[in-house]
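This is a predicted model, so every value here is computed, not measured. A note on names: the letters A, B, ... follow the listed sequences, proteins ahead of strands, and every chain is numbered from 1.
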Protein chains: 2
Amino acid sequence: MARTSFQGEIPKEQIEVCPVTGTQNVIAGKWKIIILWHLKETKRFGELQRLVPGISKGILTSQLRELENDQMIRRKVYQEVPPKVEYSLTDAGKSFIPILESMGEWGKKYAISKKDVR
Amino acid sequence: MARTSFQGEIPKEQIEVCPVTGTQNVIAGKWKIIILWHLKETKRFGELQRLVPGISKGILTSQLRELENDQMIRRKVYQEVPPKVEYSLTDAGKSFIPILESMGEWGKKYAISKKDVR
DNA sequence: CTGTATCCTTGCTGATACTG
DNA sequence: CAGTATCAGCAAGGATACAG
């Protein structure tokens with residue numbers, strides 16, 4: 001299968017040169033973009049897991065935690081039994097949605113049917 | 001150091017749900033965004049290596065090849081001695097620049113000074 | 001239901017040496 | 001100058017079992 005991943009963090013000097021790097025550091029993570037996409041509407045943990053097929057609870061948790069640390073999403077816990085947790089976008093997260101939309105539009109035009117060529 | 005990487009490719013089904021995924025598959029790669037950024041102007045291999053501190057020839061080559069396969073950049077070889085190779089953006093690549101600019105703007109506002117918190 | 005803890009696997013990154 | 005080939009290391013992703 002084609003490789004599209006990356007590992008490690010980009011040095012800070014690069015952020016000066018190319019501010020996009022800072023953004024990249026936030027959205028890097030295999031599922032973060034998809035998660036943000038779905039969180040345009042507030043969703044519960046279980047919903048997210050269902051919406052993102054193939055993701056395990058552990059990974060979903062870690063991605064959510066990182067997004068939370070980056071202040072992209074908010075985590076609201078309802079003290080009930082059974083537990084209920086809702087995730088929603090922060091202002092920063094919301095402000096990123098237009099970029100996701102742009103990326104989606106671009107992807108429809110250019111990124112489809114290019115895979116499996118290598 | 002904080003982790004921001006990811007590994008593996010996102011399943012195709014997800015592309016239907018979230019077209020951004022296709023875009024993500026193209027720009028994922030530790031240095032691809034920086035490379036595209038610099039390629040707003042045509043550059044030679046050596047220039048790129050100098051502009052992106054810390055990247056090795058091997059990695060730079062592989063990232064360039066993947067971008068080429070994804071038809072984001074064009075590779076022009078001058079049959080000379082010593083060899084000369086120029087890289088430039090394709091139309092698809094150029095059309096992605098505005099998104100990079102948006103990401104840069106967003107990054108300046110939201111992505112700075114959030115690191116090293118985890 | 002929503003996690004946490006642990007271990008394992010994958011494969012990208014990066015370095016080095018070599019080539020046209 | 002612009003690569004290619006090879007190898008090693010390690011971080012991220014993933015699975016499973018357990019917990020509040």
Side-chain angles (χ1 to χ4, degrees), chain A residues 1-11 14 24-35 42-69 73-88 118, chain B residues 1-11 14 21 24-35 39 42-69 73-88 118:
Chain A
M1 185 185 284
R3 317 295 166 65
T4 46
S5 320
F6 72 94
Q7 177 186 349
E9 194 169 63
I10 295 173
Q14 280 301 327
Q24 185 182 21
N25 281 338
V26 172
I27 60 170
K30 184 164 175 179
W31 307 99
K32 287 191 189 168
I33 287 182
I34 302 180
I35 291 170
T42 299
K43 292 211 164 45
R44 299 181 57 179
F45 187 89
E47 289 182 283
L48 280 175
Q49 203 184 355
R50 251 174 291 116
L51 286 166
V52 184
I55 196 171
S56 70
K57 279 187 281 201
I59 300 297
L60 178 55
T61 301
S62 75
Q63 302 274 298
L64 287 169
R65 287 289 176 285
E66 289 186 17
L67 285 171
E68 200 187 346
N69 285 335
I73 64 175
R74 197 184 330 273
R75 181 167 173 265
K76 180 165 186 184
V77 182
Y78 294 83
Q79 287 297 347
E80 315 173 350
V81 178
K84 176 179 169 184
V85 180
E86 281 183 351
Y87 292 90
S88 56
R118 40 192 80 134
Chain B
M1 184 184 286
R3 318 294 164 67
T4 47
S5 321
F6 72 93
Q7 177 186 350
E9 193 170 65
I10 295 172
Q14 281 301 326
T21 302
Q24 185 180 20
N25 282 338
V26 173
I27 61 170
K30 184 164 176 181
W31 307 99
K32 288 192 189 168
I33 288 182
I34 303 180
I35 292 170
L39 283 183
T42 298
K43 294 213 163 47
R44 300 182 55 181
F45 186 89
E47 289 181 283
L48 280 174
Q49 204 185 353
R50 251 174 289 113
L51 285 166
V52 185
I55 196 171
S56 70
K57 278 189 279 204
I59 299 298
L60 179 55
T61 301
S62 75
Q63 303 274 298
L64 287 169
R65 286 292 177 282
E66 289 185 17
L67 286 171
E68 201 188 346
N69 285 334
I73 63 175
R74 196 185 328 274
R75 181 166 172 265
K76 181 165 185 182
V77 182
Y78 293 83
Q79 288 297 348
E80 314 173 351
V81 178
K84 176 179 169 186
V85 179
E86 280 183 352
Y87 292 90
S88 57
R118 36 193 82 137

Q: Select one nucleotide: of C:dC1, C:dG14, D:dG14, the one nearest the side-chain heavy atoms of A:R44.
A: C:dC1

**Q.** Length of the CD-C1' vector between A:Q79 and C:dT2, whole Å
**A.** 12 Å

**Q.** Nearest to side-chain heavy atoms of B:R65, which nucleotide of D:dG3, C:dG20, C:dG3
**A.** D:dG3

Q) Are B:I73 and B:I35 close enough that some pair of their side-chain heavy atoms sits under 4.5 Å apart? A) no

Q) Within the structure shown, what part of the strands sits under 4.0 Å from B:Y78 by heavy-atom distance: base, sugar-phosphate, or nothing? A) nothing

Q.
What is the separation between atom CZ on A:F45 and atom P on C:dT2, rounded to the nearest whole Å?
A. 7 Å

Q | Atom-to-atom span, NZ of A:K84 to C1' of D:dG20 - whole angstrom | A | 19 Å

Q) Rounded to whole angstroms, how far apart are CG on B:L51 and C1' on D:dA2? A) 16 Å

(Q) Between A:G46 and B:G58, which residue's closest nucleotide on DNA chain C lies nearer the 5′ terminus? (A) A:G46

Q | Rounded distance in Å - CD (B:E47) to C1' (D:dA2) | A | 13 Å

Q) Counting side-chain heavy atoms from CB outward, which of D:dG3, C:dT13, C:dT2 is closest to B:Y87? A) D:dG3

**Q.** Value in whole Å for how far the C1' atom of D:dG3 lies from CG of B:L60
**A.** 10 Å

Q.
Less than 4.5 Å apart, side chain to side chain, heavy atoms only: is that true for A:L60 and A:L48?
A. yes

Q: Please tell me which of A:G54 and A:K57 maps to the more 5' nucleotide of DNA chain D, matching each residue to the nucleotide holding its nearest heavy atom.
A: A:G54

Q) Nearest to the side chain of B:R75 - C:dG3, D:dG3, C:dG14? A) D:dG3

Q) Got a donor-acceptor contact below 3.5 angstrom from the B:K43 side chain to the B:L39 backbone? A) no

Q | Between C:dC1 (C1') and A:L64 (CG): distance, integer Å | A | 14 Å

Q) Which nucleotide sits closest to the side chain of B:K30: D:dG3, C:dC1, C:dT13? A) C:dT13

Q. Are B:Q49 and D:dG3 close enough that a side-chain N or O sits under 4.0 Å from OP1 or OP2?
A. no

Q.
Is there a side-chain contact between A:R75 and A:R65 in this structure, where contact means two heavy atoms from C-beta onward sitting under 4.5 Å apart?
A. yes

(Q) Does D:dG14 have OP1 or OP2 under 4.0 Å away from a side-chain N or O of A:W31? (A) yes

**Q.** Phosphate-side-chain proximity, B:Q63 and C:dC12, N/O vs OP1/OP2 below 4.0 Å
**A.** no

(Q) Minimum heavy-atom separation for A:V52 and A:I55, please, with both atom names. (A) O-CG2, 3.1 Å

Q: When you get a sec, tell me which of C:dC1, D:dG3, C:dG14 is the closest nucleotide to the side chain of B:I59?
A: C:dG14

Q) Over how many whole Å does the gap from B:I35 atom CD1 to D:dA2 atom C1' extend? A) 15 Å

